[in-house]
Amino acid sequence: MLTINLIREKKDFVIERLKVKNFDSEEIVGRILSLDATRREIQLKTDTLQAEMNRISKEIGNLVKAGKKDEANAAREKTYSIKEEIRSLTEKIDPVENELKNEIIKLPNLPHESVARGNGADDNVKVREGGAIPALPDTALPHWDLIKKYDIIDFELGIKLTGAGFPVYKGKGAKLERALISYFLDQGVKAGYTEMMPPIMVNEDSGFGTGQLPDKEGQMYNVALDGFYLIPTAEVPVTNIYRDVILNGDQLPVKNIAYTPCFRREAGSWGAHVRGLNRLHQFDKVEIVQIAHPDHSYKALEEMVAHVESLVASLGLPYRIMRLCGGDMSFTSALTYDFEVWSAAQKRWLEVSSVSNFESFQANRLKCRFREKGEKQTRLVHTLNGSALALPRIVAAVLENNQSESGIAIPPALVPYTGFEIIN
RNA sequence: GGAGAGAUGGCAGAGUGGUCGAAUGCGGCGGUCUCGAAAACCGUUGUCCGCCUUCCGGCGGACCGGGGGUUCGAAUCCCCCUCUCUCCGCCA
């Protein structure tokens, strides 16, 4: 959520920047400014009247204590009309405030100045690439055939237990999954992140804090009986740790890492390109989250990108890093880099990580601030997160890229974690 | 699931209708003392909103789990909700 101050002070700038995200905000901003003016006008009136009320009430107290009953009653008479006036103003201010908030949360985050205009994935900018695309024989199989051949992941069993998109990992498949989680966590801890194991269900406040609610309600599984949501990403609980928190400047940056299962309803997004592990309702992901000083958040973003890059490279996967254009970026992000790995049998790039700086957009919803030592003023922090990494598509690429007649070779970096070198 | 108790500032913990944004202690910050530190002593120490102000800041309003009510006046009284704790039962 953008701050009202920014909208008030840099109205034209806000409108211009949002055009990069193909978002026409002129009307909304106009409504916001008018509601804001109304709100302040009403508040000034009520505050003045309330001050008068408080003064008289205090006076009555003193008069009663002094035994001046008649004067006290006279003063009491005066309060009735003021009270009525306050009541009617209060009734007006509530809807104005609600409407104001409803309008503000409609505005997406402003894109960073480096973000290009564009409509979709085709307009994203390739920043870097690495790794060699393997040459596979024509007999190479897509991962959904490989997992059947080696019996390591069972989709039909998942359908029986739950439904489509909830696979069962078996034998070496399960071990590979666990190995990747451990490997990613260990690498993160080495890079200075603190490991967290958060709840995988969150309440409504948390859903609002990171921006899933109210807009993307339909994307999350809802445990209606208790009012909880299954997390679509560890970003939600791990970032919400800092909801309503004021940090000391010297505590920044906060660097946390967490493995969690992730749950996504993916309503309406089924169709082509979602076979096998490409899109699931439940999947595993290791997420890195940073709470950064606003002056250093882009340095933090680069550091996170470098970390994710080192992970992908260490698995020997061909990858490319894309800077998302305005039209392809999420509502909450100011700058996003996507990581894609080459899936050799599907012959397509699969998104395995998305690393973003949200600047103060989430922080403003979360009310996460920090105070510099010696300063009185609090400021909003910047929040960042990225997948490091999302497992299923990594598994898909590892299986497809490393297949041969004799089986699937495990990347050397993972062997200490799997305990085996080949799936056959 | 049954019975009971409670929710106050960073923490602990007073406060049952007016002068309470809230005693006191701890912690934090600044200072005195010291070569330095500890101890001791002195001072200071919440958040949000609005108005004024060139900065420093000043003034006003709100906030004692959340929401509503009674009252001229509510941390204090009433109603609803949420959460926590204790005991019993069940249980990974």
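Remember, predicted model here, so these are calculated numbers, not experimental data. Sequence lines set the chain letters: A, B, ... in the order given, protein chains first and strands last, and positions in each chain run from 1.
- In this structure, B/rA3 forms a base pair with B/rU86, meeting either the Watson-Crick or the G-U wobble geometry with both donor-acceptor distances under 3.5 Å.
- With a cut-off of 3.5 Å on both pairing distances, B/rA92 has no Watson-Crick or G-U wobble partner at all.
- As rounded to the nearest Å, B/rG6 and B/rC78 have P atoms that lie 12 Å from one another.
- Electrostatic pairing of A/D154 and A/K160 does not count as a salt bridge here, judged by no charged N lying under 4.0 Å from a carboxylate O.
- Across all strands shown, B/rA39 forms no Watson-Crick or G-U wobble pair with both key distances under 3.5 Å.
- A/T46 comes within contact range of no nucleotide atom at all, as no heavy-atom separation falls under 4.0 Å.
- Comparing B/rG15 with B/rC83, their C1' atoms are spaced 23 Å from each other, to the whole Å.
- A cation-pi arrangement is absent between A/R178 and A/Y417 under the rule of less than 6.0 angstrom and at most 45 degrees off the ring axis.
- The partner of B/rG60 is B/rC49, judged by Watson-Crick or G-U wobble contacts that both fall below 3.5 Å.
- No side-chain heavy atom of A/R39 sits less than 4.5 Å from a side-chain heavy atom of A/I42.
- Straight-line distance from the CZ atom of A/R40 to the C1' atom of B/rG60: 16 Å, rounded to whole Å.
- Between A/Y298 and A/L335, some side-chain heavy-atom pair lies under the 4.5 Å cut-off.
- Going from atom CD of A/E59 over to atom P of B/rU71 covers 21 Å, rounded to whole Å.
- Among the heavy atoms of the strands lying under 4.0 Å from A/T79 are primed sugar atoms or P, OP1, OP2 only; no base atom is included.
- Rounded to the nearest Å, the gap between the P atom of B/rG31 and that of B/rU24 is 24 Å.
- Spacing of P atoms, B/rG67 relative to B/rU54, comes out at 37 Å, to the nearest Å.
- As the counterpart of B/rG10, B/rC26 is assigned, both hydrogen-bonding distances of the Watson-Crick or G-U wobble pattern falling under 3.5 Å.
- Nucleotides B/rG10 and B/rU47 place their C1' atoms 13 Å apart, quoted to the nearest Å.
- Taking only side-chain atoms of A/R369, from C-beta outward, the nucleotide of B/rG73, B/rG50, B/rC48 with the closest atom is B/rC48.
- Between the side chain of A/Q403 and the main chain of A/E400, a donor-acceptor pair closer than 3.5 Å is present.
- Note on A/R8: a side-chain N or O is less than 4.0 Å away from OP1 or OP2 of B/rG50.
- Where A/Q50 and A/Q43 each meet RNA chain B at their nearest nucleotide, the meeting point lying more 5' is that of A/Q43.
- Comment: A/E16 engages A/K19 in a salt bridge, judged by a side-chain N to carboxylate O separation of less than 4.0 angstrom.
- Separating the C1' atom of B/rC52 from that of B/rG68 is a span of 35 Å, rounded to the nearest Å.
- Distance A/E375 CD to B/rC56 P: 10 Å, rounded to the nearest Å.
- Residue A/R39 has its side chain nearest to B/rC49 when only B/rC72, B/rU47, B/rC49 are considered.
- Across B/rG4 and B/rG9, the matching C1' atoms stand 29 Å from one another, rounded to whole Å.
- Nucleic acid contact for A/A51: sugar-phosphate only, since backbone atoms but no base atoms lie under 4.0 Å from a heavy atom of the residue.
- Partner assigned to B/rU34 is none, using Watson-Crick or G-U wobble distances below 3.5 angstrom.
- Computed from coordinates, the A/Y80 OH to B/rC72 C1' distance equals 7 Å when rounded to whole Å.
- B/rC55 and B/rA14: their P atoms are spaced 44 Å apart (whole Å).
- If you take NZ of A/K58 and P of B/rG18, they are 13 Å apart, rounded to a whole angstrom.
- Here the side chains of A/E52 and A/E85 are not in contact, with every heavy-atom distance at 4.5 Å or above.
- Between the C1' atom of B/rU71 and the CD1 atom of A/I56 lies a distance of 15 Å, rounded to the nearest Å.
- If A/V64 and A/R55 are placed on RNA chain B by their nearest nucleotide, the residue sitting closer to the 5' end is A/V64.
- Atom CZ of A/F370 and atom P of B/rU47 are 14 Å apart (whole Å).
- One can find a donor-acceptor pair under 3.5 Å joining the base of B/rG60 and the side-chain atoms of A/D47.
- Set against B/rG61, B/rC51, B/rG73, the side chain of A/K83 has B/rG73 as its closest nucleotide.
- Across all strands shown, B/rG73 forms no Watson-Crick or G-U wobble pair with both key distances under 3.5 Å.
- Atom CD of A/Q377 and atom P of B/rG46 are 14 Å apart (whole Å).
- Among the protein residues, A/R76 comes within range of the nucleic acid bases, having at least one heavy atom under 4.0 Å from a base atom.
- In the set B/rG61, B/rG18, B/rC51, the nucleotide with an atom closest to the side chain of A/I60 is B/rG18.
- Considering only heavy atoms from C-beta on, A/Y319 stays 4.5 Å or farther from A/L311 through its side chain.
- Considering only side-chain atoms of A/N54, the nucleotide from B/rG46, B/rC72, B/rA62 that sits closest is B/rA62.
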